[in-house]
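What follows is one structure encoded as structure tokens, with my remarks underneath.
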Amino acid sequence: MDITKRLSYVWDYDLNEIQFREILEGRWALGRLNRDWAARRLLDYAPYEEIIRLIGFKQLVENWDRWRPGVRSKNRVRGFDFLVTWLPDKHPELLNG
């Protein structure tokens with residue numbers, strides 16, 4: 001995989017995958033483009049598998065209340081509302097990593 005490629009969910013910014021991941025992991029910020037911005041962008045536009053790969057269940061559950069207001073897609077908000085409630089109850093083992 002070419003990690004210098006442009007990501008489809010940051011089409012409107014001049015960021016490659018390396019830069020986006022640095023922001024998402026909290027190691028770099030560019031003005032208002034910080035970790036919370038990157039997480040919300042991912043939650044709104046990335047495929048589910050990529051969201052879980054890059055954020056993980058634990059971080060999603062821990063930070064959802066902070067990220068939720070910035071997610072524009074009502075369908076995604078409903079889906080993640082369910083997931084962050086369901087995971088700790090039904091699959092807490094997924095939150096250990």
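Hydrogens, waters and symmetry mates play no part in the numbers below; they use all other heavy atoms, side chains included.
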Test side chain to side chain donor-acceptor pair (under 3.5 Å) applied to Asp14 - qualifying residues, sequence neighbours left out: none

Set of side chain to side chain donor-acceptor pair (under 3.5 Å) partners for Arg27, sequence neighbours left out: Glu22, Glu25

Any residue meeting salt bridge (Lys or Arg N to Asp or Glu O under 4.0 Å) with Asp81, in chain and number order, not counting sequence neighbours: Arg68

Phe20 side, atom CZ; Trp28 side, atom CH2 - distance, nearest 0.5 Å: 11.5 Å

Minimal non-hydrogen separation, Lys90 against Glu93, with atom names: O-OE1, 4.5 Å

Candidate pair Ile23 and Arg35, rule side chain to side chain contact (heavy atoms under 4.5 Å, CB included), full reasoning: CA-CA 5 Å; Ile23 294 170; Arg35 182 172 186 254; 5.5 Å; no

Salt bridge (Lys or Arg N to Asp or Glu O under 4.0 Å) involving Arg41 - partner list, sequence neighbours excluded: Asp12

Residues Leu42, Tyr9; criterion side chain to side chain contact (heavy atoms under 4.5 Å, CB included); working and verdict: CA-CA 7 Å; Leu42 200 63; Tyr9 41 84; 3.5 Å; yes

Candidate pair Val84 and Glu62, rule side chain to side chain contact (heavy atoms under 4.5 Å, CB included), full reasoning: CA-CA 9 Å; Val84 301; Glu62 289 175 356; over 6 Å; no

Gap between atom CG of Asn16 and atom CZ of Arg21 - 0.5 Å precision: 11.0 Å

Residues which pass side chain to side chain donor-acceptor pair (under 3.5 Å) with Arg40, listed by chain and number, not counting sequence neighbours: none

Side chain to side chain donor-acceptor pair (under 3.5 Å) between Gln19 and Tyr13, worked out: CA-CA 11 Å; Gln19 294 166 321; Tyr13 292 90; over 6 Å; no

For Ile52, all residues meeting side chain to side chain contact (heavy atoms under 4.5 Å, CB included), sequence neighbours excluded: Tyr48, Phe57, Leu60

Residues which pass side chain to side chain donor-acceptor pair (under 3.5 Å) with Asp44, listed by chain and number, not counting sequence neighbours: none

Qualifying residues under side chain to side chain contact (heavy atoms under 4.5 Å, CB included), relative to Pro92, sequence neighbours excluded: none

Euclidean distance, Leu24 CG relative to Leu33 CG, rounded to 0.5 Å: 12.5 Å

Atom of Leu15, atom of Val10 and distance for their closest heavy-atom approach: O-CG2, 4.3 Å

Lys58 side chain reached by Asn96 side chain, heavy atoms, under 4.5 Å: no

Residues that Trp67 engages under ring-ring contact (aromatic ring centres under 6.0 Å, His included), provided they are two or more places apart: none

Contacts of Asp65 that satisfy side chain to side chain contact (heavy atoms under 4.5 Å, CB included) - sequence neighbours left out: none

Sidechain-backbone polar pair: Asn34 side chain, Trp37 backbone, donor-acceptor under 3.5 Å: yes

Results of salt bridge (Lys or Arg N to Asp or Glu O under 4.0 Å) for Arg76 - residues two or more places apart only: none

By salt bridge (Lys or Arg N to Asp or Glu O under 4.0 Å) - contacts of Asp89 (at least two apart): none

Worked check of side chain to side chain contact (heavy atoms under 4.5 Å, CB included) between Tyr45 and Arg72: CA-CA 10 Å; Tyr45 299 110; Arg72 296 177 183 186; 4.1 Å; yes

Euclidean distance, Trp64 CH2 relative to Thr85 OG1, rounded to 0.5 Å: 10.5 Å

